[in-house]
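See below for the structure under consideration.
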Protein chains: 2
Amino acid sequence: MTTPELSQRIIAAALDQFGRLGFDAASTRDIARASGVAMSSITYHFGGKQGLYLACADQIAVVIGAVHRPLMDAIEADPPRTPQDARAGALALLENFARFMLAPESEIHCQFIVREQQHPTEAFERIYEHMMSPVLETATALLAIALPHRDERERRALVISLVGMAIVLRVGRACVARVLRVDDIDAQTADFLLASLRRSALTLLTED
Amino acid sequence: MTTPELSQRIIAAALDQFGRLGFDAASTRDIARASGVAMSSITYHFGGKQGLYLACADQIAVVIGAVHRPLMDAIEADPPRTPQDARAGALALLENFARFMLAPESEIHCQFIVREQQHPTEAFERIYEHMMSPVLETATALLAIALPHRDERERRALVISLVGMAIVLRVGRACVARVLRVDDIDAQTADFLLASLRRSALTLLTED
DNA sequence: GTCTATACTACGATAGAC
DNA sequence: GTCTATCGTAGTATAGAC
């Protein structure tokens, strides 16, 4: 590719539009305008609106994958052997994810993904395969060490609940602020939420 | 109103379109077609696309409000006095909500709400005020009885986590199925998820 | 490889018949 | 109160100049 940055600029603008508005409501005109290129360049580089959408899905997998990469690598390089270590690893993975859910950057990514979750298309498949599956299976493996006496299916359900505790910080953002009686979720409130989440998760990860 | 059912038919079709596609992508033409009326009837009854959108928000508040009504009434009629009773009430409220999240009807409602949560408009305000706020504050009050020694702010954060554990069953539906290695979430899988959720919630609601 | 120009379809709103 | 007809705008895709 002679101008790799141009494709990236289009994808960035497209991700913003697709995330905020969804596939149908997003307009290639606006995306072209926002990225400062002609509309026909989208056709040239991505074959059309659909192709651009899939390129956005790949981009999401890369970006959110990078969020988890350092921790995932550390866990793989030095796999936990004791329940205590596994619990600490799972907590770190969850806190890392929750921190991303609280960050502004996760907004468009999450809206994109939540939409895809309801009726998954090829776009979801790519995101799941390249980003979600590795993280979720790592979490499941950590829980197998942390909670050896529990049924595998129970552990998988627990992974889902833990993910939910983090994901609500993004998808229920307006409710979170109102329930805590704050105008918006500032850094201080975010730290409090993370600490509280950590406490609850620790409770759930401690074998009775 | 001489034909109250016609407005309802339009709202039903609109909710489906707005929920699935969002405000911009939904088309009043399609809504009119789906409900079997002329497009101009929407203008007549709701003043335009925006008015119809707000009518859908009110409808959501009514429908999801009705889901919680029986339990809310029972709790108000006979307020729990012991931590055990309060815990049971909170668990019942959560399970009721989670069951709705697993039901197909919640799909469009939730998509509508999640979109509104990111950048709340008048529509979110109506849903929050008439439906969410009463339920969330009831839950908070129950937790105040169940966990008297904990800080009020901690209890509110816990309410958020509990909601997250239920809400992920809807917004993360595709992931839930994949993590549990099932093709779709049938009645049996749903029961298992609810039982597992109940167990985790009980753990979190038991004072250490 | 990027542009301009254009073909074709669909959008929301409104006017006016009945 | 519901319809049909129409206006002005904006959507995607494509053809062809450079």
Side-chain angles (χ1 to χ4, degrees), chain A residues 1-59 108 111-112 115-116 119 121-123 126, chain B residues 1-60 108 111-112 115-116 119 121-124 126:
Chain A
M1 237 187 284
T2 53
T3 56
E5 87 174 35
L6 193 142
S7 295
Q8 279 307 114
R9 232 174 48 228
I10 296 176
I11 289 176
L15 202 44
D16 189 70
Q17 293 280 314
F18 284 134
R20 232 175 278 285
L21 304 169
F23 182 81
D24 290 318
S27 120
T28 53
R29 276 181 135 88
D30 286 348
I31 292 167
R33 193 171 10 248
S35 45
V37 301
M39 231 177 42
S40 49
S41 291
I42 290 173
T43 311
Y44 178 79
H45 283 285
F46 305 98
K49 193 181 189 180
Q50 183 71 34
L52 179 55
Y53 185 74
L54 289 177
C56 287
D58 291 337
Q59 171 79 350
I108 52 171
Q111 280 199 258
F112 191 110
R115 239 186 302 266
E116 279 291 327
H119 294 109
T121 70
E122 161 83 13
R126 294 192 187 191
Chain B
M1 238 187 282
T2 53
T3 56
E5 87 175 36
L6 192 143
S7 295
Q8 279 307 115
R9 230 174 50 227
I10 296 176
I11 288 176
L15 203 43
D16 189 70
Q17 292 281 313
F18 284 134
R20 231 176 278 285
L21 304 169
F23 182 80
D24 290 319
S27 120
T28 54
R29 281 181 132 90
D30 285 349
I31 292 167
R33 195 174 6 251
S35 46
V37 301
M39 226 177 48
S40 49
S41 291
I42 290 173
T43 311
Y44 178 80
H45 283 284
F46 304 99
K49 193 182 189 180
Q50 182 72 32
L52 179 55
Y53 186 74
L54 288 177
C56 287
D58 291 337
Q59 172 79 349
I60 286 175
I108 52 172
Q111 280 199 258
F112 191 109
R115 237 187 303 267
E116 279 291 328
H119 294 109
T121 70
E122 160 84 13
F124 179 76
R126 294 192 186 192

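A, B, ... follow the sequence lines: proteins, then strands. Residue 1 opens every chain.
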Please list every donor-acceptor pair under 3.5 Å in which a side-chain atom of residues 34-42 of chain B meets a protein atom from a residue at least two apart or in another chain.
unit_1, atom_1, unit_2, atom_2, d
B:Ser35, OG, B:Ile31, O, 2.7
B:Ser35, OG, B:Ala32, O, 3.4

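Taking the salt bridge (Lys or Arg N to Asp or Glu O under 4.0 Å) definition, one finds that B:Asp30 meets it with B:Arg33, sequence neighbours left out. Listed by chain and number, the residues in a ring-ring contact (aromatic ring centres under 6.0 Å, His included) with A:Phe112 are A:Tyr53 (sequence neighbours excluded). Applying the salt bridge (Lys or Arg N to Asp or Glu O under 4.0 Å) rule to B:Arg29 yields no partners; only residues at least two apart in sequence or on another chain are considered.
Atom OH of B:Tyr53 and atom P of C:dG12 are 14 Å apart (whole Å). With rounding to whole Å, B:Gln8 atom CD is found 17 Å from D:dG1 atom P. Atom CD of B:Gln50 is separated from atom P of C:dT14 by 14 Å (rounded to the nearest Å). The distance between atom CG of B:Asp24 and atom P of D:dT9, rounded to the nearest whole Å, is 19 Å. In this structure, CZ of B:Arg9 is placed 16 Å from P of D:dG1, rounded to the nearest angstrom. If you take NZ of A:Lys49 and C1' of C:dA10, they are 12 Å apart, rounded to a whole angstrom. The nearest whole Å value for the distance from the CG atom in A:Leu52 to the P atom in D:dG11 is 15 Å.
A:Lys49 and A:Asp24 make their closest contact through NZ-O, 3.4 Å (heavy atoms, listed as atom of the first residue, atom of the second, distance). Minimum heavy-atom separation, A:Ser7 to A:Phe46: O-CZ, 3.9 Å. The nearest pair of heavy atoms linking A:Phe23 to A:Gln50 is CZ-OE1, 3.5 Å. Taking both residues in full, the closest heavy atoms of B:Gln111 and B:Arg20 are given as NE2-O, 4.1 Å, listed atom of the first, atom of the second, then distance.
Across residues 13-21 of chain B, not one residue has a non-hydrogen atom less than 4.0 Å from an atom of DNA chain D. Within residues 25-44 of chain B, the residues that have a heavy atom under 4.0 Å from DNA chain C are, in order of number, B:Ala26, B:Ser27, B:Thr28, B:Arg29, B:Asp30, B:Met39, B:Ser40, B:Thr43.
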